[in-house]
Every structure is written in structure tokens, then in C-alpha cells.
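So the structure is just underneath, and the comments pick up after that.
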Amino acid sequence: MPHRDPAGWLWLKERLIPLRQARRPEAVPAVRTAIVTDSAAALPADWVRAFSADGRLTVVPMPVMVGAEIYGEGEDDIADTIAVALASGTPVKTSRPSPGQFEQAYLAAQRRGFEAVVSVHISGELSGTADSARLAAARVGIPVEVLDSRTVGMAQGMGVQSAVVAAADGRTAAEVSESTEEQLARTKVYFYVPSLEQLRRGGRIGAAASVWGTMFSIKPILAVEDGRVVPLEKVRSAAKAIARLKEIAVADAASRPAGQARLAVHHFGNPAEAEQLAAELTESVPGSPPVQISALPAVLAAHAGLGVLAVIVGESGAPAAPKAPSSS
């Protein structure tokens, strides 16, 4: 069966086993590094609960504006509110968190005894969130490394998870950043949307592409490349588009090292389709971990619209072992 919310502590334990087998040199002291991200990372709720308890992980919510009302990620009715708004034509917009929200997160980490922060955020091509984080980083005394993930959703989330694993292993902030960027570079996002209109309204694609798709009833398959949403293929029907989305994801997974492919499926308003797609991916990519299914976070659902299906393909390999200190 597809897996919705993996147990956070079990995931960390499994990832740390190979790390502990390549122990750090005794001369290198453990470093306490906190991880901060934003809600576009689409991390499973139980994962966030598990690793935020001691301040190791903080997720800063991204605001969503529905009409004149402002909502934050995690509010009970936000998904239904967005769905109704999109169906009725009510304007739905998103914004970046304020620098003050990040400043509070960084200072909280410092108060808990962390020595550094690695802050991983949604692509700068899609949001100014990383800019807010950089402004906040300049205001605090604790060292903060801000990373533009150049991606979104669980592709960003897999980078965050890699950061948490590296931080839990006592890596330096520089090592945490390096392993996170390596993970992000190995992760791809492919998605299908029934309509390009909501992406056009949010400025994520050009107006011409939206009109072309609407006129010819095209069902587009899109990808995130170098931080931007780009067209991948144009298909004539929803069924063919979903089938082709699966083919693309399976081909990508097959190109990964044996047993290392890791997949996730996002949806908004169509959980049954997501369940079916995840089941087919699990069958088509033997040896990979169970496919994780999750609804898109509000900040992404607001742009993708109802009926979106996204597949994230990454790798489950642990970060490379840290380098021994120089003898010079």
C-alpha cells in the first residue's frame, strides 16, 4: 500500500545507521545545527512533529490570501477554503513570510543552544521567501546559511530531510549545506494540471502558454527546472496525461542507482487519483521505499489548482561521509 506519513523517528534511525558506521574522527566535535524551512517543502505532519520537538526543525508557514482574508498553512479549513475559492473564481494569492518570522525562528534556535542554522527555501524563481530569510539572517548573531532550493514540494522537502539527517549526525553547517544541495540536485518534480489558468494568474507561466492550452484542450505535463516551471509535454486527454506522467517518473527512477529511487505523490482535491498513481508507481519501481502520498500545501495548491498530480523523484542515499580534518 502507498505510504502517507512515514514515522519520522524510524526514518531518521534508518538513515543514521550507515552514517554511524562511518564515524566522524574523534578530534572533530559534534556541532548543533538547526534546520529552518518553509511550508512549501510539503513535509509530512508527523515528520515535522518528530523533529521540531527539540527545535532541530522549524517550518515557517507561508501565507495564502483568499479574497480579503489571510490564512496560514496548517489552519484546519485552509484546503477547503482554497478549493471553494478556486471553483467560484475568488482571487487566491500567496505571499512570502516576513523577515520577522524567520528572525524569530533563528533566535529560537539560538536560545535552544544551537550553534548554526541552515535555512532551506522554495525556489527564488517562484517566491521571494529566500530573500526574507536572508534579511533575517543579517539581523541575528547566530550564523545562518540560506539555501535557495531551486525547487518546491517534496523535492524541497527531501533536501530538508537530508539536512536534518546530516545535522543529527553532528555535521558542521557547511557539511549540512553541502549534503542538502547534493540531495536537491538529485531530485526532480514532474506534474500534471487540468488547467494552466491558475498558474498564469500567479505569474508562474506565460499568458500565451495558458491561452494555447485552453484553446486546444491540451493537458500539460510540466516540470521544475532550475527553479522555474517549464512545459515538458502536451497531451490531448487527462487519462493520457496521467499515464504519461507515470511513464516519465518511472523512467527517471530507473535511471537512479539500484534501490535508491525515492518517490512521492502530491495532489489537491483528487486523493483517489493520487492513490491509484502511487500504487502503480510502487508496482513499477520495485525495491524502492513505499511511495509517500500527501496533499499539496496550501501555498502550492493556490497556484496549481484543483486536480493537480505531481510526482517527485529523488534518491534515498545518505549524505557522503564527512572528510577527515587536514593534518596541515
Side-chain angles (χ1 to χ4, degrees), residues 2-22 35 37 40-44 47 50-51 57 118 120-123 147-169 171 174-191 223-227 232 245-266 277-294 309-323:
H3 197 40
R4 290 182 179 80
D5 287 325
W9 292 116
L10 178 60
W11 190 93
L12 177 60
K13 182 179 179 181
E14 290 175 347
R15 299 283 76 77
L16 283 179
I17 288 173
L19 291 175
R20 294 303 185 189
Q21 290 173 348
I35 309 302
T37 190
L43 290 165
W47 216 93
F51 299 117
L57 171 66
V118 173
V120 187
H121 299 293
I122 180 176
S123 170
L147 299 183
D148 178 347
S149 72
R150 308 295 295 174
T151 190
V152 72
M154 266 302 294
Q156 175 187 342
M158 288 180 186
V160 173
Q161 290 177 324
S162 180
V164 170
V165 169
D169 192 49
R171 306 294 180 90
E175 290 169 339
V176 172
S177 295
E178 182 180 3
S179 67
T180 302
E181 290 181 325
E182 289 174 355
Q183 177 67 35
L184 291 168
R186 296 194 300 265
T187 309
K188 297 292 185 181
V189 180
Y190 308 103
F191 64 107
V224 176
E225 294 287 350
D226 195 27
L232 201 61
L245 177 65
K246 185 189 82 170
E247 290 176 357
I248 292 169
V250 169
D252 187 337
S255 71
R256 310 298 176 118
Q260 291 296 302
R262 181 177 171 212
L263 296 93
V265 170
H266 292 317
L277 177 58
E280 293 176 3
L281 288 169
T282 298
E283 183 178 352
S284 300
V285 188
S288 66
V291 177
Q292 176 190 303
I293 304 174
S294 60
L309 284 173
V311 181
I312 288 78
V313 184
E315 294 179 20
S316 58
K323 297 176 182 179

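All heavy atoms count here, side chains included; hydrogens, waters and symmetry mates do not.
- Partners of Glu225 by side-chain hydrogen bond (donor to acceptor under 3.5 Å, both in side chains), not counting sequence neighbours: none found.
- Taking the side chain as every heavy atom from C-beta outward, Tyr190 and Asp252 approach each other to under 4.5 Å.
- Residues passing the side chain to side chain contact (heavy atoms under 4.5 Å, CB included) test with Ala42, sequence neighbours excluded: Met154, His266, Pro297.
- Contact detail for Val189 and Ala155: the closest heavy-atom pair is CG2-CB, 3.3 Å.
- In terms of heavy atoms, Leu309 sits closest to Leu245 at O-CD2, 3.7 Å.
- In terms of the side-chain hydrogen bond (donor to acceptor under 3.5 Å, both in side chains) criterion, Ser149 has no residue partners (sequence neighbours excluded).
- With values rounded to the nearest 0.5 angstrom, Glu178 atom CD is found 9.0 Å from Arg171 atom CZ.
- At least one side-chain heavy atom of Val160 sits under 4.5 Å from a side-chain heavy atom of Leu57.
- Here Ile248 contributes atom CD1 and Lys188 contributes atom NZ; the two are 12.5 Å apart, rounded to the nearest 0.5 Å.
- For the side chain to side chain contact (heavy atoms under 4.5 Å, CB included) test, residues two or more places apart in sequence or in another chain that qualify with Pro257 are Gln260, Glu315.
- Screening residues 278-291 for salt bridge (charged side-chain N to carboxylate O under 4.0 Å, His left out), with sequence neighbours left out, gives Lys246-Glu280.
- Residues satisfying the side chain to side chain contact (heavy atoms under 4.5 Å, CB included) criterion with Asp148, sequence neighbours excluded, are Ser123, Arg134, Arg150.
- For the pair Val311 and Leu281, the minimum side-chain heavy-atom distance is below 4.5 Å.
- The shortest heavy-atom contact between Val285 and Ala261 is CG1-CB, 4.3 Å.
- Between Val313 and Arg256, some side-chain heavy-atom pair lies under the 4.5 Å cut-off.
- How far CD of Gln156 is from OG1 of Thr180: 11.5 Å, rounded to the nearest 0.5 Å.
- Rounded to the nearest 0.5 Å, atoms CG (Leu263) and OG1 (Thr282) are 8.0 Å apart.
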Would you please test Thr151 and Ile312 for side chain to side chain contact (heavy atoms under 4.5 Å, CB included) and show each step? CA-CA 11 Å; Thr151 190; Ile312 288 78; over 6 Å; no
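- Ala167 meets the side chain to side chain contact (heavy atoms under 4.5 Å, CB included) test with Thr33, Ile35, Val176; sequence neighbours excluded.
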